[in-house]
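Note sheet for the following structure.
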Amino acid sequence: MEKCKDVLFNNMLKINLTTTLNIMLTCAKGLENIVLDELRENFINIDIISVTRGKIIFNINSNIHSLLRLKCADNLYLLISEFECGKDRKSLEKISTKISKLDFSILDKVYDSKNKCKICVKAGREGKHNYSRFDLEKAVLRGILSKRRFMHTDGTEADLEFRFDLNDDKGIISLKLTSPQFRFRQKERSFSAGAIRPTIAHSLIWLSGIDKNDIFYDPCCGSGTILSERDFYPARRIIGSDISDSAITAAKNNNRSGIIIYKDDATNCCMKDKTITKIVSNIPWDQQIKVANVFEFYFRILSQIIRIIHEEGKIVLFTDKEAAINYAAEKCGVYVDKVATLSLHGLHPSIFIIRMGE
């Protein structure tokens, strides 16, 4: 399916772009403002239609291939239609009927196959409804299958993946354009305990501000995801360290040789004072990686970070231990700004910027 989706996105380039396309972008819940900033930085001809938790819908009439520049987004979808939906079970048949009457002709331009197209459907809902997500998926599938060109299969064999998002009484049906390689950057990658996905790591990079003269450092680099994301942009030096031998091995395997990666203790690092311009790190949350006393552990890490950061430098940290980061900041005499709180598999980590003064 990954190959088919990559072909699908490439075929999107053939569309006559005098017609504006409606695109839905998904991201980690809580990163919407950062992704909006990236969108506006990269595109002039863009019209933001709506922003909801984890989703941004926009119109674009520039080269769709340029969307591949986005690094903070998880997936891209071609929006097919929006319509009102009821909340009782009787509404399921109405949803099927509405979908059966939709115009899917744009797919003739983006998917070229003489055989029936194999599809799957994924649905999600928010709000109170008298039916489940699985009931919704079946109703959507029935509507799409009424088009004779489609046949159902499971996700691993599908040529196309449709998505249906239901928020209270508003339904959105869309077609997935991107494969997992879009958000994971490559086919194979080693991940250490507590690793974050590349799109989240890139959002931290984006917040830090990107300068070609940066001396960039991640003192808890793990498998090196943050380092890899910073490497999309020029820098004087990109450095990572970790206390774990296995993490260092993974980080070196995941990154090019020009990135400096070595074993070190973030609570007592070997860096010289005031030598680093940017520090971005996903510091241990005391989840997969346990520490004896998270409050003192954060204090010791932050003490080192403050020692090595340049006077004009910037610090961006990611953790779900807000009380511990506030404790450490107060004890170090610095200030904390919470920029965003994410929702990740039942956890709610936040992005913090550390400031030296008011």
Side-chain angles (χ1 to χ4, degrees), residues 1 4-26 45-52 55-67 75-87 90-125 129 131 133 135-153 155 157-179:
M1 184 168 65
C4 290
K5 286 180 183 173
D6 291 337
V7 170
L8 176 66
F9 193 94
N10 289 334
N11 284 343
M12 289 290 291
L13 310 184
K14 302 174 186 177
I15 294 177
N16 184 347
L17 290 176
T18 56
T19 301
T20 299
L21 294 175
N22 295 333
I23 301 294
M24 182 172 76
L25 170 157
T26 60
N45 298 320
I46 192 167
D47 181 20
I48 305 298
I49 304 302
S50 67
V51 180
T52 55
K55 300 181 189 73
I56 299 172
I57 295 175
F58 58 94
N59 292 336
I60 185 169
N61 55 15
S62 60
N63 188 337
I64 193 170
H65 191 270
S66 59
L67 289 174
N75 283 302
L76 299 169
Y77 297 80
L78 177 65
L79 196 149
I80 297 171
S81 183
E82 302 179 58
F83 52 83
E84 297 296 314
C85 301
K87 297 184 178 182
K90 293 180 180 179
S91 302
L92 292 171
E93 193 57 40
K94 294 179 181 178
I95 291 172
S96 293
T97 301
K98 286 181 179 179
I99 290 175
S100 71
K101 296 178 180 178
L102 293 177
D103 181 6
F104 287 86
S105 60
I106 192 171
L107 299 187
D108 295 328
K109 301 178 181 179
V110 301
Y111 183 80
D112 182 17
S113 176
K114 296 179 181 178
N115 301 316
K116 278 194 174 182
C117 181
K118 294 181 288 185
I119 68 163
C120 66
V121 173
K122 294 185 179 179
R125 63 184 181 87
H129 304 87
Y131 47 84
R133 172 173 66 86
D135 294 329
L136 184 59
E137 283 182 2
K138 291 176 183 177
V140 173
L141 183 61
R142 285 196 302 271
I144 297 175
L145 291 179
S146 66
K147 307 286 185 180
R148 293 185 180 180
R149 59 175 296 170
F150 298 126
M151 62 182 292
H152 179 233
T153 188
E157 297 295 327
D159 298 317
L160 302 178
E161 179 181 308
F162 289 90
R163 171 173 175 149
F164 193 83
D165 291 277
L166 179 58
N167 191 340
D168 289 327
D169 58 358
K170 181 180 180 182
I172 299 175
I173 184 167
S174 58
L175 174 68
K176 191 173 185 180
L177 298 175
T178 46
S179 72

Polar side-chain atom of Arg125 near backbone of Tyr131 as donor-acceptor pair, under 3.5 Å: yes
Derivation and outcome, side chain to side chain contact (heavy atoms under 4.5 Å, CB included), residues Leu79 and Ile23: CA-CA 5 Å; Leu79 196 149; Ile23 301 294; over 6 Å; no
Check: Phe164 ring centroid to Phe83 ring centroid under 6.0 Å: yes
Partner of Cys85 by side-chain contact (heavy atoms from CB on, under 4.5 Å), out of Asp168, Ile95, Ile172, Asp169: Ile95
Residues which pass salt bridge (Lys or Arg N to Asp or Glu O under 4.0 Å) with Lys55, listed by chain and number, not counting sequence neighbours: Asp165
Gap separating the OG atom of Ser174 from the CE atom of Met24, nearest 0.5 angstrom: 3.5 Å
Step-by-step side chain to side chain contact (heavy atoms under 4.5 Å, CB included) determination, Leu166 to Leu136: CA-CA 9 Å; Leu166 179 58; Leu136 184 59; 3.9 Å; yes
Lys94, NZ atom: more than 12 neighbouring heavy atoms under 6.0 Å: no
Partner set under ring-ring contact (aromatic ring centres under 6.0 Å, His included) for Phe162, not counting sequence neighbours: Phe104, Phe150
Nearest-0.5 Å distance, CD of residue Glu161 to NZ of residue Lys118: 14.5 Å
Intermediate values then yes/no, side chain to side chain contact (heavy atoms under 4.5 Å, CB included), His152 and Leu145: CA-CA 7 Å; His152 179 233; Leu145 291 179; 4.1 Å; yes
Salt bridge present between Glu84 and Lys170 (N-O < 4.0 angstrom): no
Criterion side-chain contact (heavy atoms from CB on, under 4.5 Å) against Phe58, the qualifying member of Asp47, Leu25, Leu21: Leu25
Ile173 vs Ile144, side chain to side chain contact (heavy atoms under 4.5 Å, CB included): CA-CA, chis, key distance, verdict: CA-CA 10 Å; Ile173 184 167; Ile144 297 175; 4.0 Å; yes
Distance in Å, Ile57 CD1 paired with Ile49 CD1, rounded so as to fall on 0.5 Å steps: 8.0 Å
Main-chain N/O of Leu76 paired to Thr178 side chain as donor or acceptor, under 3.5 Å: yes
